[in-house]
Amino acid sequence: MSAQVMELETLPKIEIEKITESKLPTIDFDNLPFGKTFSDHMMICEYYDGKWQSAKIQPYQNISVSPACNVFHYGQAVFEGMKAYYKQDDSGIVLFRPEKNWERLNKSAVRMSMPEVPKELFMEGIKKLVELDKDFIPKKAGSSLYIRPFIIGTEPFIGVRTSDRYLFMIIIGPTGPYYGEPISVLVYDTFVRSTKGGYGNAKAAGNYAGTLYPRELATQMGYKDVLWLDGEHKKYANEVGTMNIFFVMDGKLVTPETDGTILEGITRDSVITIAKSLGYTVEERPISIDEIVEAHESGKLTEMFGTGTAAVVNVVNRFGYKGKDYLLDDKAFTIAPEIKKELEGIQKCTLEDKFGWVVNVL
Ligand SMILES: Cc1ncc(COP(=O)(O)O)c(C=O)c1O
């Protein structure tokens, strides 16, 4: 296999080793499950001696690390989730608010005692990788190129302390919708996802591992995902699956405040901005499950939806709490589809980017 190696002129220096044969012809773009297909290349950058070393874009492949690495035992692992889109008129490729992802990755890294990644490395790595594998960006509505930057602790040492070696990697792949349909959620009054003083606002792997068992039980009970309540009182709505949660009550949008226990969603922030610009009132405050149930019973709760990069805006049409199910008529929702249309219009450049969120890659 003769690999083509070339250097980039831009900083930081990212060496590129290209594949010799693309897997593009094997990909069925009409049937893309979420998160199972990866492009031809990936970026990898090592951290040791107290600094990030030079990065390399290379053929997508398995990596070799010591079984004693921190990530396998004590879970030093943080990640991001982003998307690249073709502009609807085919005039280029864009990213949506990538700086926010860079900021959040570093915030997560600091909380997990990991080194921050320089902005240029993050941005250039993503741009070069997306540019190189641009033919993997699906054009079908609801599909996009998913981008997964992540950092793992790789020092071969069994002992509970901060690792002194890391890998920062970026993998990308064409993907279909995350849920693709309205979802049902179970509200637990037993399991919780995070609590004050914890690290619920970090996009750290451990936050997800802890949700898998309760989520599995919820799916066995016929729910698609879990609506988490706060860890202290098991009373206030927190977030839903891998999304932030919004309720429409009395025509107003209500969403939990960012109190350190929930992920500060970039879609959440965008939805709040869009909703306000459309003239809606948005309240960021604690919302108790009792208030939600009462609002449902009195007819004040008219819509419920989650927001996130993967799912964009995904409606919730049923929630279960203490053995009772509460249904919502998602066909009658008006605000969620209006905001989704606006957001997707900005992301795919069919609507004016009035908030300056879109960044050109090509
Ligand atoms: C737990 C959790 N909450 C919320 C979100 C939504 O965040 P964003 O809109 O930045 O994708 C995600 C997805 O990244 C998530 O994993």
Side-chain angles (χ1 to χ4, degrees), residues 34-35 77-85 95-109 111-112 122 126 144-151 170-172 175 177-179 183 185 188 191-195 198-212 214-215 218 224-231 236-247 253 255-275 282 284 304-316 336 339-340 342-344 346-347 355 357-359:
F34 184 87
V78 296
F79 64 99
E80 269 306 319
M82 317 160 61
K83 282 177 174 174
Y85 306 88
L95 298 169
F96 184 70
R97 309 187 77 182
E99 264 195 57
K100 289 270 164 212
N101 294 94
W102 167 69
E103 284 167 13
R104 192 172 62 187
L105 181 72
N106 281 347
K107 211 171 150 184
S108 302
R111 180 62 181 86
M112 305 314 282
F122 184 88
I126 290 172
S144 56
L145 187 82
Y146 190 77
I147 303 168
R148 170 54 58 89
F150 61 103
I151 315 172
I170 308 171
I171 54 176
I172 64 177
T175 193
Y178 191 75
Y179 294 113
I183 59 163
V185 294
Y188 279 115
F191 298 111
V192 296
R193 175 187 173 276
S194 75
T195 193
Y199 57 98
N201 60 346
K203 212 162 162 61
N207 269 332
Y208 295 80
T211 65
L212 299 179
R215 189 180 180 279
K224 190 82 183 171
D225 224 313
V226 174
L227 169 58
W228 301 102
L229 298 183
D230 74 285
Y236 299 100
N238 204 237
E239 52 190 332
V240 57
T242 57
M243 302 187 291
N244 293 110
I245 185 76
F246 283 79
F247 305 91
L253 278 142
T255 191
E257 61 201 336
T258 51
D259 60 355
T261 68
I262 64 170
L263 195 76
E264 294 175 13
I266 295 158
T267 321
R268 173 190 181 278
D269 182 71
S270 310
V271 162
I272 290 173
T273 305
I274 290 172
V282 183
E284 295 176 64
M304 193 165 158
F305 59 92
T307 65
T309 298
V312 191
V313 171
N314 210 105
V315 303
V316 176
I339 291 175
K340 183 176 185 184
E342 196 75 17
L343 177 60
E344 287 188 326
I346 296 172
Q347 288 173 331
F355 309 107
W357 286 341
V358 165
V359 172

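Ligands are counted one by one from 1 in listed order, and the atoms in each one are counted from 1 as well. Values below: all heavy atoms of this structure, side chains included; hydrogens, waters and symmetry mates excluded.
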Distances for all N or O pairs of ligand 1 and the protein under 3.5 Å?
residue: ligand 1; atom: 3 (N); partner: Glu239; partner atom: OE1; Å: 2.5
residue: ligand 1; atom: 9 (O); partner: Ile266; partner atom: N; Å: 3.3
residue: ligand 1; atom: 9 (O); partner: Thr267; partner atom: N; Å: 2.8
residue: ligand 1; atom: 9 (O); partner: Thr267; partner atom: OG1; Å: 2.5
residue: ligand 1; atom: 10 (O); partner: Arg104; partner atom: NH1; Å: 2.7
residue: ligand 1; atom: 10 (O); partner: Arg104; partner atom: NH2; Å: 3.0
residue: ligand 1; atom: 10 (O); partner: Ile266; partner atom: N; Å: 2.8
residue: ligand 1; atom: 11 (O); partner: Thr309; partner atom: N; Å: 2.8
residue: ligand 1; atom: 11 (O); partner: Thr309; partner atom: OG1; Å: 2.6
residue: ligand 1; atom: 14 (O); partner: Lys203; partner atom: NZ; Å: 2.6
residue: ligand 1; atom: 16 (O); partner: Lys203; partner atom: NZ; Å: 3.2
residue: ligand 1; atom: 16 (O); partner: Tyr208; partner atom: OH; Å: 2.5

Exercise for the section: Could you tell me how the ring of Tyr146 sits relative to the ring of Phe34: parallel (under 30°), tilted (30 to 60°) or perpendicular (over 60°)? Expected result: perpendicular
Exercise for the section: Apply ring pair (Phe, Tyr, Trp, His ring centres under 6.0 Å) to Tyr85 and list each qualifying residue two or more places apart in sequence or on a separate chain. Expected result: none
Practice task
For the pair Asp269 and Arg97, find out whether any cationic side-chain nitrogen is under 4.0 Å from an anionic carboxylate oxygen.
Solution key: yes
Acceptor/donor pairs from residues 202-210 side chains to any protein atom, 3.5 angstrom cut, sequence neighbours excluded:
residue: Lys203; atom: NZ; partner: Tyr208; partner atom: OH; Å: 3.1
residue: Asn207; atom: ND2; partner: Tyr199; partner atom: O; Å: 2.7
residue: Asn207; atom: ND2; partner: Ala202; partner atom: O; Å: 2.8

Handout entry: Any residue meeting side chain to side chain donor-acceptor pair (under 3.5 Å) with Thr261, in chain and number order, not counting sequence neighbours
Key = Asn238, Asp259
Handout entry: Side chain to side chain, Thr309 and Phe96, heavy atoms closer than 4.5 Å
Key = no
